[in-house]
Amino acid sequence: LILGYYVASQDLGIYSAAFQTAAILALVTGAFEVAFAPMVGEVTTRNDHARLRQLYRAMLQQTASLALPLFIVFVLWGHELLLLFGPQFVAGFGCLVMLATAQMMHVCTGGANVILLMSGRSRVVMWNTLGVGMLCVAGMVLLVPRFAIMGAAGAVATRLAVISIVRVVQGRTC
């Protein structure tokens with residue numbers, strides 16, 4: 001809504017293409033989290049912290065190894081990818097790189113949310129989600145009027161970075 005208020009519809013389309021392209025990286029984490037959750041649930045009920053660390057490391061290695069080539073493609077050939085949407089979409093390359101970098105950070109910390117959920121800390125996850133949601137809205141309000149779609153990308157990238165770090169720190173106590 002904030003982005004739609006401050007930028008032209010053409011710029012909104014450019015941002016949307018960059019955002020959706022970068023979000024492909026989140027699919028990697030999402031797929032592994034679904035497979036990872038039952039194992040985490042089993043290990044947390046047994047209170048096996050050593051096995052939980054092993055599972056977490058294995059998931060991170062697998063997700064990062066699958067996501068890294070995509071990230072490299074987005075950074076090195078992002079212009080060409082965005083050109084598939086049309087020549088005007090190349091203007092979203094900076095957004096794509098910023099969002100893909102944040103998504104890659106999220107991939108490299110993925111699984112921490114599952115650990116929190118499966119260890120019975122859903123309330124913490126809820127407060128995390130609300131907190132970074134408010135952070136993102138504040139970032140949009142502050143950055144979009146001045147920096148347009150790059151401001152939106154900055155707000156979303158900050159949200160992803162903050163939630164990634166917070167989840168990892170909180171997951172270490174499980």
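These numbers come from a predicted model, not from an experiment. These numbers come from the heavy atoms of this one structure, side chains and all, not from hydrogens, waters or symmetry mates.
In this structure, the side chains of V90 and F85 stay at 4.5 Å or more apart for every pair of heavy atoms. Contact of the Y5 side chain with the I2 side chain is not registered, since no non-hydrogen atoms from C-beta on lie closer than 4.5 Å. Between D11 and I14 there is a side-chain heavy-atom pair separated by less than 4.5 Å. Looking at heavy atoms from C-beta onward, L160 lies out of side-chain contact with M105 at the 4.5 angstrom threshold. In this structure the side chain of F19 reaches within 4.5 angstrom of the side chain of V156, judged on heavy atoms. Residues I163 and H106 have side chains in contact (heavy-atom distance under 4.5 Å, counting atoms from C-beta outward). Using a 4.5 Å heavy-atom threshold, the side chains of R51 and Q54 count as touching.
Expressed to the nearest 0.5 Å, how far CD1 of I115 lies from CG of L52 amounts to 4.5 Å. A distance of 9.5 Å separates CG of L27 from CG of L70, quoted to the nearest 0.5 Å. One distance of note links CE of M150 with CG of L143; it measures 10.5 Å at 0.5 Å rounding.
For the residue pair E33/N113, the side-chain donor-acceptor check at 3.5 Å is not satisfied.
Ring planes of Y56 and F36: tilted class, angle from 30 to 60°.
Across all their heavy atoms, V107 and L60 have their closest contact at O-CD2, 3.9 Å. Smallest separation of non-hydrogen atoms from C108 and A64: SG-CB, 4.3 Å. Shortest non-hydrogen contact noted between A100 and F74 is CB-CD1, 4.1 Å. A67 approaches M104 most closely through the heavy-atom pair CB-SD, 3.9 Å. The minimum heavy-atom distance linking T63 with V28 is given by the pair O-CG1, 3.7 Å. Minimum interatomic distance between T109 and S164 (heavy atoms only, all atoms of both residues): OG1-CB, 3.1 Å.
Contacts of R172 classified as side chain to side chain contact (heavy atoms under 4.5 Å, CB included), with partners at least two apart in sequence or in another chain: none.
A donor-acceptor pair is defined here as one N or O able to donate and one able to accept, closer than 3.5 Å; such a pair exists between the side chain of R121 and the backbone of Q170.
Under a cut-off of 6.0 angstrom, the local environment of CG in L130 is crowded, with over 12 non-hydrogen atoms contributed by other residues, nucleotides or ligands. Around atom CZ of R146, no more than 12 heavy atoms belonging to other residues, nucleotides or ligands sit under 6.0 Å away.
If you chain together hydrophobic residues whose side chains sit under 4.5 Å apart, M59 and L25 fall into the same group.
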